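Treat the numbers as computed from the prediction; the structure is a model and nothing was measured.
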Amino acid sequence: MQVTLPHDTHLVGSACNPCMDLVAFLCCDRAPPAAASAPPGLTPAQLAMRQRMLAIQARRMGVANPAAATGAQQVRRGPALKLVVWRMVHAPSCVWEVPIEPPRADIPRDAAEGVSVLGLCWSPDGERLAVRLALTHTAGTHTQHTLALLVYSVYDGAVLHTHHTPCDAVPQHSALQWVAVEAPGVPSQALDMLDQMPALTPLRSAIDDKPTWLGAAQHRARPSEPPPSHGMATGTGVLAQVPALAHGAQASQLSLLVCADDPGRLGVWLDGTVPLHAPELVPGAVLSLAATPHDASLLLAREDTLHIHHLPLAWDDALVHLARLSTAARASFVHAMDAAFHASQAYHLLVRPRCDEWRAHWDDAAARHGVDLVHEWMALVVGGRASPACEHLLVQLTEGTTLAMETDAKRGLKSLRRLVATGVLPACERLLVLLTELLGCARWPTQYPGIDEECVRSLQCRVQTCHAVALAVQEHAERELLSLDEFYKWFRMEQDRQERLKLEEAAPRVVTYHDTLTVLEYLQRGFLSPALDAMLGSGTPPPPPAADTSDDSHAAIEPLWETAYVAYETDAPAQEADAAAAVQAALAWLEQPAAPRAPSEAQWQGVHGPASLLGGPAHTFRPPTLPGDEATLPVRLADVAEAWGALLRGALAQARPTTAHTHMAMPVPGGLRLRDETVRSVPRPAPPTMSGGKERPLVRAAAHDGQHVHTFVSDAHVVSVHVALGPTPGACAPVSLAVPARVHDLALVRGHLHVLYEQGADTSVGSLGPTRAPVWPPSDTSAAHGTGSLAAFAHGTRVLLGHDRRTVTVLPLPI
């Protein structure tokens with residue numbers, strides 16, 4: 001049966017899924033990109049004006065303008081590359097199609113981008129697909145090269161992991177092998193404890209799509225940046241630096257992804273995500289790669305000879321154990337950092353705008369009447385007599401406005417409390433459990449080299465600090481909710497009382513009870529919470545007010561309060577009842593040489609339990625956080641995640657392979673079959689630094705029955721080199737078969753060799769049998785006219801791609 005694809009299609013590497021009837025294609029879409037959508041009949045000037053208006057609206061709403069973003073980057077790219085997965089059963093059908101989007105970080109402005117897909121490979125369980133990319137960015141005389149490894153999900157085509165590293169030159173080819181490994185034998189008490197703990201609560205952002213109340217004076221802004229976990233799969237951000245297995249802590253699903261780039265460079269990833277060591281240099285140009293869980297062999301070309309390079313792979317149970325601990329830590333970091341991000345957004349987009357709105361009303365009333373409105377409101381609370389400024393504000397703020405401000409502020413504080421209690425705190429507790437086991441690993445340097453015990457202890461202290469600050473944030477959110485509730489009860493009661501006084505009504509409509517002391521302290525301090533500002537970030541400070549140089553400068557008043565930045569100290573002296581003891585304590589504190597590395601007990605106690613419900617005016621209030629560190633809660637968690645990732649990456653990089661051996665030097669046979677299998681996307685006109693087409697020998701490799709098999713084609717022979725892995729690893733035994741035909745492509749599956757050949761005027765596909773004893777003519781032959789590429793399933797079904805790069809033919813084995 002035949003299928004016609006809409007784009008230029010390529011078969012690269014291991015195209016057939018080993019466990020399912022799926023085939024992966026690389027498609028090159030030559031169609032030009034779609035122009036920006038706009039109403040018909042607009043002139044270029046009107047279109048430019050429309051784009052500017054859209055950009056202004058996007059900035060006001062706090063969202064990104066995609067049209068402006070694409071125009072500002074101005075990166076010249078070639079045709080789009082797509083990864084397409086088809087199901088090859090009775091009726092072939094497309095499962096999904098996704099564009100290949102390499103990492104876009106640090107792209108020079110006005111640059112030309114070239115993308116080369118060097119190879120692809122399926123995972124042993126058939127659930128993931130690894131794609132090797134090479135990127136070239138040229139801007140003027142500057143050229144930047146990057147290698148990227150993208151892992152896709154077979155179910156929906158989502159990117160599960162991206163690993164990219166800069167390089168000096170773009171490889172012309174990559175050979176990938178993904179093999180299964182045995183389950184680790186190291187039990188983990190920390191992971192067992194995490195399994196017994198309740199699951200983390202799914203996060204839910206406080207910023208929803210509900211419209212604001214009708215009386216609101218400000219529109220609710222949408223968050224302008226994504227959460228920290230947004231760039232994790234694309235290899236950007238802090239969380240991407242923490243190693244993690246793609247399938248979590250499941251011990252039965254581990255695997256090794258081996259990648260050999262040409263020129264010779266070999267890299268190994270545990271489960272396709274965790275790099276075990278720096279890339280190894282290989283002496284020669286890589287033609288093919290075969291790998292098993294403990295060994296890898298490469299067919300190399302050096303000058304006029306071919307060599308087999310045998311390399312034992314370095315991995316053990318200790319490395320798998322560290323990777324599983326890092327996976328659990330990454331999940332906890334994702335939960336904690338996303339919760340802290342959403343909590344900060346709830347504070348900055350719901351609570352703080354309402355506080356600024358209150359302050360704007362107070363500033364307006366104070367400027368109109370030339371009074372200190374704080375004292376006026378406090379006199380109203382105590383004496384019950386409203387001044388003209390207070391009456392003006394009571395009348396100006398309607399029920400809808402106050403209801404909108406109260407609703408948003410309380411919703412933001414409740415979301416802040418919920419996110420910290422169900423997100424940050426349990427995640428920090430899980431991190432402390434994992435750090436306890438990691439500390440035990442650090443005390444066994446012979447089995448776990450590269451883990452510094454002092455670094456682990458420092459991480460414990462920093463995670464405990466994050467836990468304490470999160471508890472303080474939760475407590476202050478509770479106090480803010482209590483004070484807001486009391487304030488709004490008093491405010492509504494006062495509005496109702498003033499209205500009754502005007503109407504000369506004696507009895508109140510609704511009896512409302514409130515805490516007068518809480519309202520007084522809240523009015524004295526102001527609407528903003530300095531403690532939450534210090535622990536969640538105060539945002540951009542407002543510009544200082546301009547000096548009034550007019551004649552009526554006597555009407556100018558000072559700001560009602562100043563929310564100044566907090567000045568931290570290393571350690572505050574204790575409050576003693578005796579003045580002499582207080583002086584001695586202050587002198588002893590001044591004589592301290594430096595701040596302690598870990599917070600003292602007094603500092604820990606000062607985090608919680610302030611003396612009063614509210615701490616007084618904002619300009620005199622000292623937030624109860626740990627002294628010596630001005631970092632906010634999201635910044636603290638990001639710093640800990642970065643330090644954790646550096647520690648684990650250094651420990652996993654200690655795995656170095658043992659000494660490699662080179663075997664069998666044979667001359668390059670004459671008439672070696674060459675072809676270019678790399679799919680490229682290069683802009684037109686392409687800079688001279690972009691990689692062009694380069695042909696390489698037609699070589700296939702696979703592992704079967706404890707041996708590695710490398711097969712290549714010349715004009716007259718098909719040669720298979722068998723590399724032993726038993727008692728004498730690296731021993732080679734070449735087998736040559738004379739072929740009286742022109743071979744177009746090979747497929748090596750489970751020790752059997754399938755060949756696409758042309759003999760006379762006919763093109764056929766058949767099986768040469770086991771590579772140990774191939775025979776000619778091929779068996780199980782089928783006609784394959786007009787085809788040039790071949791892939792085969794393990795059960796024998798063949799997939800052929802036509803010369804037109806559009807026609808795909810599926811040929812099952814003859815019955």
Side-chain angles (χ1 to χ4, degrees), residues 58-64 201-228 230 336-362 397-424 469-470 472-489 491-492 522 525-542 563 614 618 623 632-635:
R59 285 195 300 269
R60 287 179 178 175
M61 298 175 61
V63 298
T201 306
L203 299 178
R204 179 168 51 88
S205 175
I207 310 300
D208 51 21
D209 295 329
K210 295 180 181 179
T212 57
W213 290 86
L214 184 60
Q218 291 185 359
H219 293 284
R220 186 182 307 158
R222 304 294 300 177
S224 58
E225 57 182 5
H230 178 75
M337 292 181 64
D338 280 357
F341 170 82
H342 291 308
S344 179
Q345 292 291 329
Y347 178 71
H348 287 291
L349 299 180
L350 291 177
V351 181
R352 193 179 175 89
R354 294 312 184 184
C355 297
D356 294 337
E357 191 172 348
W358 267 110
R359 180 173 177 175
H361 287 301
W362 278 42
L397 294 178
T398 62
E399 181 66 21
T401 301
T402 54
L403 184 60
M405 290 191 288
E406 180 186 12
T407 302
D408 278 353
K410 287 187 176 181
R411 183 185 299 158
L413 288 173
K414 290 179 181 178
S415 300
L416 172 61
R417 178 186 60 183
R418 169 182 56 83
L419 289 166
V420 171
T422 62
V424 181
V469 174
V473 170
Q474 183 182 1
E475 291 181 2
H476 279 278
E478 291 279 357
R479 294 189 182 94
E480 286 295 307
L481 279 171
L482 291 174
S483 59
L484 272 179
D485 188 62
E486 299 299 320
F487 169 75
Y488 278 104
K489 284 194 296 185
F491 188 82
R492 288 194 175 89
Y522 187 74
R525 187 207 68 182
F527 298 98
L528 287 173
S529 172
L532 293 179
D533 270 355
M535 291 180 285
L536 296 175
S538 57
T540 305
T563 308
L614 301 172
T632 62
L633 180 59
V635 174

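Of all the heavy atoms in Gly412 and Leu350, the pair that sits closest is CA-CD1, 3.7 Å. Here the closest heavy-atom approach between residue Val424 and residue Ala340 is recorded as CG2-N, 3.9 Å. In this structure, Pro353 and Tyr347 approach most closely via the heavy-atom pair CD-O, 4.2 Å. Of all heavy-atom pairs between Tyr488 and Thr402, the closest is CE2-O, 3.8 Å. Residues Ala339 and Leu203 come closest through the heavy atom pair N-CD1, 3.6 Å. Nearest heavy-atom pair across Val351 and Leu413 is CG2-N, 3.7 Å.
Proximity of Phe527 to Glu357: side-chain heavy atoms (C-beta onward) are nowhere separated by under 4.5 Å. Using a 4.5 Å cut-off on side-chain heavy atoms (C-beta onward), Trp358 and Met405 make contact.
A distance-only check finds a donor-acceptor pair linking the side chain of Thr407 to the backbone of Leu403 [under 3.5 Å]. Checking side-chain atoms of Ser415 against main-chain N and O of Arg411 turns up a donor-acceptor pair under 3.5 Å.
Residue Val473 forms a side-chain contact (heavy atoms from CB on, under 4.5 Å) with just one option from Leu419, Val420, Thr632, and that option is Val420. Just one of Glu480, Glu478, Gln474 meets the side chain to side chain donor-acceptor pair (under 3.5 Å) condition when paired with Arg417; it is Glu478.
The line from OG of Ser344 to CG of Leu532 is 10.5 Å long, rounded to the nearest 0.5 Å. Here Asp533 contributes atom CG and Arg352 contributes atom CZ; the two are 4.5 Å apart, rounded to the nearest 0.5 Å. Distance CG/Leu536 to CD/Gln345: 11.0 Å, rounded to 0.5 Å.
Under a 4.0 Å N-O distance rule, the pair Glu406/Arg354 does not qualify as a salt bridge.
Summarising the local packing, NZ of Lys414 is surrounded by 12 or fewer heavy atoms from other residues, nucleotides or ligands at distances under 6.0 Å.
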